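Okay, so here's the structure we're looking at.
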Amino acid sequence: MSRLRLAQVAIGNLRDVSLEVADGEVVCLSGASGSGKSRLLRATADLEPHEGDVFIGQDEQGSMPGHAWRRRVMLVPADSQWWFDDVGAHFPSRARETVPECLGLGPDVMQWPVGRLSSGERQRLALWRALSMAPEALLLDEPTANLDDTMTRAVEDWLLEETRNRSLAVLWVAHDRSQIGRVARRHYRIHGSVLELADGSD
Amino acid sequence: MEVIDLAWWKLVLAALLILALAGVSLLARLGITRSLLVASARTGIQLTLIGLVLEALFASGRLYWVALLATVMLLVAGREVMARQQRRLRGPWAFGLGTGAMFVSSFSVTILALTVVIGPSPWYEPQYSIPLLGMMLGNTMTGVALSLDRLNDAVWRQRAVIENRLMLGQPWREAVEDIRRDAMRSGMMPSINAMAAAGIVSLPGMMTGQILAGSPPSVAVKYQILVMLIITAGTGFGALMAVSWGSRRLFDERERLRLERLVKTSG
């Protein structure tokens, strides 16, 4: 069953983007910088005006208010923002008790002031923040860009496990070919104004 | 009690002080000489003209003349609100929004004060209505301009935060709630500070004027209290409307942040 479906989406230079991501599946997206990967994710999260239809399950994007859509189809940007003083204030209360072990951060990180977080820690916590909102689809924009190799592997494994356990549909923007090989069976590449299937089958 | 009229040449003496200040600021390269002189000249000319207008208006006392002057005052205030925002909404929105907020708040509060509290007859008696509306508009204008300027500037600076909050599924109202609160506060602060300092730190201008013109201080004080209360109420409601309409306009029907609806104004 397909969970997240894009049908003839057009934004910026991109035209006719159609793809499907099933429950518990990771689909990777790559392309040169400036090719419109991030904007495609923004269109999918309905943060920018665009053409075409996007569905989560049977529900079309326009059939619900913007915030309700984004609660189900959640984008984690490459550069996450933290606006409260303490880390914990950004999380729903149940997520404050536990921090996944593989993130390499103890539960006391929730009491830290935001300024104490490194960029890699912010990135990992942004993933946990998004997951703790219980979305149905995740749009990840280079989720491991600021992490070293060991941590990248740990985060990949954790994300794949969560994807399976929560039956998430994950659209993952990545540029590292070996990472794409590790996390996804299907991989689309942006070429000019179209999306083409680079690996896997439809 | 006799009021001492001021001869025009005596005002020239006061103007000489400004010229002296202008000379000093020119020598010290403060860079405000020009605006100081222009503003002083404007004060002189504008107030002289409005004096003539008010004399004529008081003599006629017709509602339509009062309404016409009130409209002109509102439109000028609306233009001023627009000019005071460093980033403002594109197109007619910037003018319409500030003017609308000022119209609803200052006109309704002024009319309420005239009909219910002061009660001149007729209720639009220009001697009461025009000064009252003028003070309302002047203060509401400051409040609305400050809060809109703060709102637009803060949304512009914190766009990444607002968008990240939207990404996490927050409704647009929640994503800008801190900014809206700050914008409201900065619009309200001048009125609140003026009320807190009134009589202790400063003698408010209106009361001072009334006393100079021969009113007993006890009457002047009551009018001043009335004016400060309605000014604060009018400013508060005006800023509230401007901030809620203005922030709504920064998002579209899909609750997307639409920063291209803001333009940067020079100066």
Side-chain angles (χ1 to χ4, degrees), chain A residues 11 38-39 41-51 53-54 56 60-85 89-92 95 114 122-123 125-141 143 171, chain B residues 87-94 147-186 243-264:
Chain A
I11 181 164
S38 300
R39 283 191 80 187
L41 292 193
R42 287 170 61 84
T44 310
D46 208 5
L47 281 162
E48 269 188 55
H50 58 89
E51 287 163 42
D53 300 318
V54 187
I56 181 81
E60 205 267 321
Q61 207 171 47
S63 69
M64 64 189 88
H67 71 270
W69 174 265
R70 289 187 278 270
R71 202 160 261 282
R72 295 173 70 179
V73 181
M74 196 164 288
L75 169 57
V76 184
D79 184 17
S80 66
Q81 302 292 318
W82 301 82
W83 52 93
F84 293 121
D85 294 346
H90 298 81
F91 288 81
V114 161
R122 281 170 185 239
Q123 196 165 24
L125 283 168
L127 292 167
W128 174 231
R129 177 171 66 179
L131 274 174
S132 66
M133 304 283 176
E136 295 166 40
L138 264 187
L139 313 171
L140 304 175
D141 197 349
L171 195 52
Chain B
R87 292 179 200 281
R88 56 179 171 78
L89 285 169
R90 206 178 278 279
W93 284 91
S147 55
L148 281 178
D149 185 47
R150 181 61 174 265
L151 173 77
N152 294 343
D153 188 59
V155 168
W156 174 264
R157 284 175 200 282
Q158 298 181 39
R159 54 193 181 276
V161 166
I162 297 170
E163 287 217 306
N164 205 161
R165 298 180 73 154
L166 292 177
M167 288 170 199
L168 289 165
Q170 293 188 2
W172 71 270
R173 241 178 248 282
E174 196 181 331
V176 286
E177 66 182 353
D178 314 356
I179 293 176
R180 281 157 57 113
R181 204 166 31 228
D182 281 353
M184 268 303 292
R185 189 179 300 143
S186 60
V243 167
S244 63
W245 297 343
S247 54
R248 182 74 193 88
R249 177 66 193 157
L250 291 170
F251 294 86
D252 66 12
E253 76 291 348
R254 298 297 302 157
E255 302 181 61
R256 305 177 187 120
L257 181 62
R258 300 297 291 270
L259 279 179
E260 77 277 12
R261 291 181 181 172
L262 284 179
V263 282
K264 193 168 169 54

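Predicted, not measured: the structure shown is a model, and the values here were computed from it. Letters A, B, ... are given to chains in the order of the sequence lines, protein chains preceding strands, and every chain is numbered from 1.
- Counting heavy atoms from C-beta on, the side chains of A:H90 and B:N164 never come closer than 4.5 Å.
- Here the side chains of A:L127 and A:L140 are in contact, with some heavy-atom distance below 4.5 Å.
- Annotation: side chain of B:W93 is not in contact with side chain of B:R88 (no heavy-atom distance under 4.5 Å).
- When each of A:L47, A:D46, A:V73 is checked for heavy-atom pairs under 4.5 Å with chain B, A:D46 comes out on top.
- Contacts of A:Q61 with chain B are made by both backbone and side-chain atoms, with heavy-atom separations under 4.5 Å.
- Side-chain contact between B:W172 and B:L250: absent, with no pair of heavy atoms (C-beta onward) separated by less than 4.5 Å.
- In this structure, chain B has no heavy atom under 4.5 Å from any part of A:P135.
- Interface residue A:M74: backbone and side-chain heavy atoms are both found under 4.5 Å from chain B.
- If you tally non-hydrogen atom pairs under 4.5 Å between each of A:V76, A:L139, A:L75 and chain B, the highest count goes to A:L75.
- Other residues, nucleotides and ligands contribute at most 12 non-hydrogen atoms within 6.0 Å of the CZ atom of B:R157.
- For B:R165, the parts lying under 4.5 angstrom from a heavy atom of chain A are both the backbone and the side chain.
- Using a 4.5 Å cut-off between heavy atoms, A:R42 contacts chain B through its side chain alone, with no backbone atom that close.
- Residues B:F251 and B:I162 form a side-chain contact, since some pair of their non-hydrogen atoms from C-beta on lies under 4.5 Å apart.
- Ranking A:P65, A:P49, A:A68, A:A45 against chain B, the residue ahead of the rest is A:P49, based on heavy-atom pairs under 4.5 Å.
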